[in-house]
There are 2 protein chains.
Amino acid sequence: MTTSGLTPTAQDYLKVIWGAQEWSDEPVTTSALAERLGVSTPTVSEAVKRLAAKGLVSHPRYGSIALTESGRRAALDMVRRHRLLETFLVTYLGYGWDEVHEEAEILEHAVSAAFVDRLERRLGRPTRDPHGDPIPSRDGELPELPAVSLCELAEGAAGQVARVSDADAELLRYLSGAGIGLDGWITVVRHQAAAGVLTVEVDGRRVDLGLPAARAVWVVRK
Amino acid sequence: MTTSGLTPTAQDYLKVIWGAQEWSDEPVTTSALAERLGVSTPTVSEAVKRLAAKGLVSHPRYGSIALTESGRRAALDMVRRHRLLETFLVTYLGYGWDEVHEEAEILEHAVSAAFVDRLERRLGRPTRDPHGDPIPSRDGELPELPAVSLCELAEGAAGQVARVSDADAELLRYLSGAGIGLDGWITVVRHQAAAGVLTVEVDGRRVDLGLPAARAVWVVRK
DNA sequence: CTGGGGAGTTAGCCACACCTAAGAAATTAG
DNA sequence: CTAATTTCTTAGGTGTGGCTAACTCCCCAG
Ligand SMILES: [Mn+2]
Ligand SMILES: [Mn+2]
Ligand SMILES: [Mn+2]
Ligand SMILES: [Mn+2]
């Protein structure tokens, strides 16, 4: 297996590096990883050194951290595991979409490759997780979805919710409360950038979203 | 939670100590643990020292290792996790009874207490695992089952299979092949102690079992 | 083009989980 | 009741994953 022989910590590093360069072009720095992983920068320095020694990342001194091809494969395998497990937790055990991330964060390191394959089949080969994120195939294929953040929608424009960031459980509960869920339709009523508020219409109801909430929701225009 | 704050290794030690004193009265020694855990005796010495420092085991120098009350609780929690997970792997993912032990051995450390409770409910509060072993309740109750090993049955005596040792996957496959499964009926035809062979009748067929196989099968007399 | 200041690395510490080699204790044998 | 042997612990070493404190490098401001 591609993730065999890696510690859970190493797997998380690779996954976070992958995630960091996926939605932005900013260089992946030691401090950014430390921030996201909740550890100190020296801890990251040491860990990245070990990953580089294993040929999983490249890291010019004082430069930006990037995955090698084998690092990318391992990272995608972890993403696959994570998203399949989230899907399982919701559909089989009845978890809410705000409860699955933490559990999957641990389980992804514990299940075997056989478990993952069996699970995928049992779930009917799902293509996206409970937050709308695409699930990579066993051989590392990852469908792109043409979504943009709610923030980038002009006033009057409408879209269908394709993806919601699963980083913050609190925020997911808030969105549920506001009637926002996958595949729902949203119309942007008014941008109030100065106030950091975005007024939208969901199911005929007006809702004021804060900027963090608006940024977390991704829609497909139509 | 009772197992919170313990490392996976510590959890395994407690579980193995519990298992060792459950089916026999022999003292639990450093070397016995090393054997079962597949590590060296110094490794066990050190680990047991750490467990004793946490108040989970008592260990007089050069004496027998025993669980304290809090150690027993933690051990039973792990046994509960392990057996529920095995049950899940068989009933939901279609694993064979010879394939579940290893997977559960890892997963038991990764699932949350909430996961375990949800799983138990979802499985319909099963009382025994795929090998017939009883599943402890959340508060540490463990039903005794009045089974004896096949070896201890006299010639001509019959019994219903209540439990099969899950320690050896190879052996489980062998038993399946011989038509032996949970709740099946077995009649002892002949003891040949010298040859290490036990002849039994299963579903009208005669089968010669080796001693290890016979020892692994537990039946309720009738 | 030279300082600083902030980011990154190194140094030095701890805990855990493993190991081999060596020493101490307990048990068994003579 | 010694002596030998087995068993257990201690000593010392490795790798991983953490930390704080100290240092070094890079880059931007002046
Ligand atoms: Mn993780
Ligand atoms: Mn997700
Ligand atoms: Mn285990
Ligand atoms: Mn079992």
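All chains are named by letter (A, B, ...) in the order of the sequence lines, taking the proteins before the strands, and each is independently numbered beginning at 1.
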Inset, instruction - For B/Glu155 and B/His191, test the side chains for any donor-to-acceptor distance below 3.5 angstrom and give the result as yes or no. - result: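 No.
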Inset, instruction - Could I get the full list of side-chain hydrogen bond (donor to acceptor under 3.5 Å, both in side chains) partners for B/Thr127, not counting sequence neighbours? - result: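 Partners of B/Thr127 by the side-chain hydrogen bond (donor to acceptor under 3.5 Å, both in side chains) criterion come out as none, since no residue qualifies.
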Would you indicate, yes or no, if [N] has its OP1 or OP2 atom less than 4.0 angstrom from a side-chain nitrogen or oxygen of [X]?
X	N	value
B/His59	D/dC8	no
A/Thr30	C/dT9	yes
B/Ser45	D/dT10	no
A/Lys49	C/dG8	no

Would you tabulate the pairs of protein nitrogen or oxygen atoms and nucleotide nitrogen or oxygen atoms of nucleotides 23-28 of chain C closer than 3.5 angstrom?
unit_1: C/dA25; atom_1: O4'; unit_2: B/Tyr62; atom_2: OH; d: 3.3

Legend entry - Salt bridge present between B/Asp117 and B/Arg122 (N-O < 4.0 angstrom):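 Between B/Arg122 and B/Asp117 there is no salt bridge, as every charged N stays at least 4.0 Å from the carboxylate O atoms.
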Inset, instruction - Return the minimal non-hydrogen interatomic distance between B/Arg128 and B/Ala162, and the atom names on each side. - result: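 For B/Arg128 and B/Ala162, the tightest heavy-atom pair comes out as NH1-O, 4.2 Å.
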Legend entry - B/Arg121, CZ: over 12 other non-hydrogen atoms inside 6.0 angstrom: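 Check fails, neighbour count at 12 or below.
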Inset, instruction - Tell me, yes or no, whether the heavy-atom count around B/Glu102 atom CD, taken from other residues, nucleotides or ligands under 6.0 Å, exceeds 12. - result: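 No, not enclosed.
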Inset, instruction - Could you check how far CD of A/Gln11 sits from C1' of D/dT16, rounded to whole Å? - result: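 Atom-to-atom, A/Gln11 to D/dT16, this comes out as 14 Å.
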Legend entry - Mutual orientation of the aromatic rings belonging to A/Trp97 and A/His131 [parallel < 30°, tilted 30-60°, perpendicular > 60°]: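 If you compare the ring of A/Trp97 with that of A/His131, the planes turn out parallel.
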Inset, instruction - Begin from the C-alpha positions of B/Phe88 and B/Phe115 and carry the test ring-ring contact (aromatic ring centres under 6.0 Å, His included) through to its verdict. - result: CA-CA 12 Å; B/Phe88 160 72; B/Phe115 182 106; 7.0 Å; no
Inset, instruction - Could you run through nucleotides 14-19 of chain C and give me one letter per nucleotide, 5' to 3': B if any protein heavy atom sits under 4.0 Å from the base, S if only the sugar-phosphate is that close, - if neither? - result: --SSBB
